[in-house]
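Within every chain, numbering begins at 1; the chains are lettered A, B, ... in the order of the sequence lines, protein sequences first and strands thereafter. Since this is a predicted model, take the numbers as computed values, not measurements. Below, each value reflects all heavy atoms present in this structure, side chains not excepted, and no hydrogens, waters or symmetry copies.
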Amino acid sequence: MEKTIGNIVATALKILYGSDADMSNIQVQSTRKEFEGDITLVVFPLLKYSGKSPEDTAYDLGNYLLKSSPGISSFNVVKGFLNLQVSNAAWLSEFISLWQSGSANDLSKKGQTILVEYSSPNTNKPLHLGHIRNNLLGFALSRILTESGNSVFKTNIVNDRGIHICKSMLAWKLFGKGKSPADTGMKGDHFVGKYYVEFETAYKSELSELIRKGMTAEEAAEKSELMAGARDLLRKWEAGDRETVDLWMKMNSWVYEGFDSTYKALGVDFDKIYYESDTYKLGRDIVEEGLQKGIFYRKEDGSVWVNLSDDSLDEKLLLRADGTAVYMTQDLGTAVERYNDYKFDHQYYVVGNEQNYHFQVLKLILKRLGYEWAEGIHHFSYGMVNLPEGKMKSREGKVVDADDLIDNMIDTAREMAEELGKLHDYVEEEKEAIYRKIGMAALKYFILKVDPRKNMMFNPRESIDFNGNTGPFIQYTYARIKSVLKLAKEKGHSVAEISTDLLMNEKEADLVKLLRKYQNVVKEAAESLNPSLIANYAYELAREYNQFYHDYTILGEHDHSLRNFRIALSEYTGNIINKAMYLLGIEMSERM
RNA sequence: GGCCCCAUAGUUCAAGGGAUAGAAUAGCGGUUUCCUAAACCGUAGAUCCAGGUUCGAGUCCUGGUGGGGCUACCA
């Protein structure tokens, strides 16, 4: 409707003033709540065409629209704003066509192949709150891009090798006494993470001991036996030393077992998992190739670098002096392998904004190497999750652990639900499934409603609520709708068609106006890569429905056609809520 | 030092250069013989500072202040 009005305005400007208007000057938007009307035309940008005052121009256009657009029933002018009233009949017919088309999806299919890389954990420690934001964003982004008609593949690069793993391995060798997670009853990833923290703690005290003996910080780092041991393990690993590789495989398998259960709890999955241990060699080949082409250069100590000062960046290390690979080495390899596997049009790396520089460099190097597809790789850079006491530090074990957080959320959901006591006719298993859905909805919505680009604050004690602008609020609205529909069915009210001869009340009209925006919200979310738009829309829709539900009876309505309309309106709202939340990876419950 | 990001009610978040800056939560006050009160209604409360561009600035530009990140032979 907005588009139609825009076109009519363009015609009107031509006829009334003889001007060919630039469409970007024709601004049609929803009328703000506090003013009368449904759709507003901002006339300020059009004054240059009319040569008249804002008010006169608005009246000219208002009168023209009233005559030539059947859906417009009246208009009013406030300052430079032309507020158009859309007729009840026009809104109703718009709802009917939405309702009839059901869940059909009329988004234009772009059909591009898109890779979304997310999660990308290190195998030396369990997942924490930062990973949760990453996983939820990556998963939601994938669903949104799929919904917009693309072929989307979810990938994960597991950073399963490197000095950090060797630190955990060394600590386990030194302090582990040969124990396994099963011996201690710990989850595998937590078990390995414990040794990583133990390494860092021991390393720190070793350093301060050396510094106390008179060394500088640099000298101490140089002389550290622990760090030397970790480096030694890394060299042995790259050389394929049997014992080292076996230990590495054993410890990684413990970690994967732990990750799998966390991923399952989060409800995320992947189409293909890449392992850095597979891709780093290709990375080294690529570095070799770049050396031969003269794009990279070798320093006297044997390390390999790229000089990016032409692009006003600095030098970047690509291979250490001892020949071992670094982060960038493997990312080069992974990127090339992915392109060979998928021939993607676009690849989004869901990685925190602390790595903006890394991805800038990655793209630049790939371009210098002559890969044209490098234009299609993008860093989906999301903000940090901060705690009241500051940044999370996994080296020091100062994190909000993912598993703990998930368990807490579900526990809280259970406590609240039991207090409300609405589910007594369910067996334990069914109840637990619902508690899980509610707890996860609270967590997921809390994180996804925030603009991904922005840093966000997480206060473990206060942050996650179950009332107000929350996941459970939306679930509750959905459960109410389902409950009404179930009762309607039991009473034999089935809606075959909706009368075109109804007068909607204000709440019904507001709901219809919101429902028709859904497709556009999904489109914008896909274009701007922003799941929070969908989260905020779903909330607004749920709130609007709750007002309608509170103010009017649905099943108690005696007028047959009005009752049917309200049932259809409820059903359609429920469908949209469900679809929107599905795109965010949030499950609905029929009861709660 | 250099580069990048951020700054909105007590708090956590919204606001495609457009009208009187929205929500939630915490506070205060209400609504349940009626389809789920995890709801609904009312009340109070905010654009870091100084300039500039514009008919119009929370939004764009410049400078300042405050916070975060990167600038690692960690990933």
[N] and [M]: how far apart are their [atom1] atoms, nearest whole angstrom?
N	M	atom1	value
B:A19	B:C35	C1'	39 Å
B:U53	B:C13	C1'	30 Å
B:G64	B:G2	P	11 Å
B:A37	B:U31	C1'	9 Å
B:C28	B:A7	P	32 Å
B:C70	B:U12	C1'	27 Å
B:G22	B:A15	C1'	7 Å
B:A14	B:G58	C1'	12 Å

NA contact type, [X], heavy-atom cut-off 4.0 Å: base, sugar-phosphate, or nothing?
X	answer
A:Thr40	base
A:Leu313	nothing
A:Asp331	nothing
A:Glu590	base
A:Phe458	nothing
A:Ile554	base
A:Leu420	base
A:Met456	sugar-phosphate
A:Lys79	sugar-phosphate
A:Gln475	nothing
A:Ala417	base

| query | Counting only heavy atoms not in A:Lys299, do more than 12 fall under 6.0 Å of its NZ? | reply | yes

Once you round it to whole Å, what is the distance between [atom2] of [N] and [atom1] of [X]?
X	N	atom1	atom2	value
A:Arg453	B:A7	CZ	C1'	17 Å
A:Glu354	B:C5	CD	P	17 Å
A:Leu562	B:C35	CG	P	19 Å
A:His550	B:A39	NE2	P	12 Å
A:Phe359	B:U71	CZ	P	13 Å
A:Ile586	B:A38	CD1	C1'	16 Å
A:Lys437	B:A38	NZ	C1'	17 Å
A:Phe473	B:U12	CZ	P	22 Å

| Stacked pair A:Tyr476-B:A39, distance under 5.5 Å, angle under 30° | no

Expected rows: protein N/O vs nucleotides 57-60 of chain B N/O, under 3.5 Å:
none

| query | If you pin A:Asn467 and A:Asp314 to their nearest nucleotides in RNA chain B, which one's is more 5'? | reply | A:Asn467

| field | Comparing A:Lys507 and A:Thr477 on RNA chain B - which has the more 5′ nearest nucleotide | value | A:Thr477

| Should A:Arg320 be listed as having a side-chain N or O under 4.0 Å from OP1 or OP2 of B:A75? | yes

| Are A:Arg480 and B:A37 close enough that a side-chain N or O sits under 4.0 Å from OP1 or OP2? | yes

Please determine, by modelled atom types, if [X] and [Y] share a side-chain donor-acceptor pair under 3.5 angstrom.
X	Y	answer
A:Asp38	A:Thr31	no
A:Asp331	A:Tyr349	no
A:Ser224	A:Glu206	yes
A:Asp314	A:Tyr357	yes
A:Tyr280	A:Thr324	no
A:Asp465	A:Thr470	no
A:Tyr445	A:Gln475	no
A:Gln330	A:Tyr274	no

Is the distance between the ring centroids of [Y] and [X] under 6.0 Å?
X	Y	value
A:Trp248	A:Tyr275	no
A:Tyr545	A:Phe548	yes
A:Phe446	A:Phe458	yes

| said: Under the criterion side chain to side chain donor-acceptor pair (under 3.5 Å), I'd like the reasoning laid out for A:Gln355 against A:Tyr327: C-alpha separation, chi angles, the key distance, then a yes or no. | reply: CA-CA 11 Å; A:Gln355 293 189 36; A:Tyr327 183 33; 2.4 Å; yes

| said: Is it the case that the base of B:C74 and the side chain of A:Asn122 share a donor-acceptor contact (distance under 3.5 Å, atom types as modelled)? | reply: no

| Pair assignment for RNA chain B - dot-bracket with | for other-strand partners, Watson-Crick or G-U under 3.5 Å | (((((((..((((....[...)))).(((((.......)))))....(((((..]....))))))))))))....

Would you tabulate the nitrogen or oxygen pairs shorter than 3.5 Å linking the protein to nucleotides 14-18 of chain B?
residue, atom, partner, partner atom, Å
B:A14, OP1, A:Asp451, N, 2.6
B:G18, N7, A:Gln27, OE1, 3.1

| From A:Asp56 atom CG to A:Ser50 atom OG, the distance as rounded to the nearest 0.5 Å | 8.5 Å

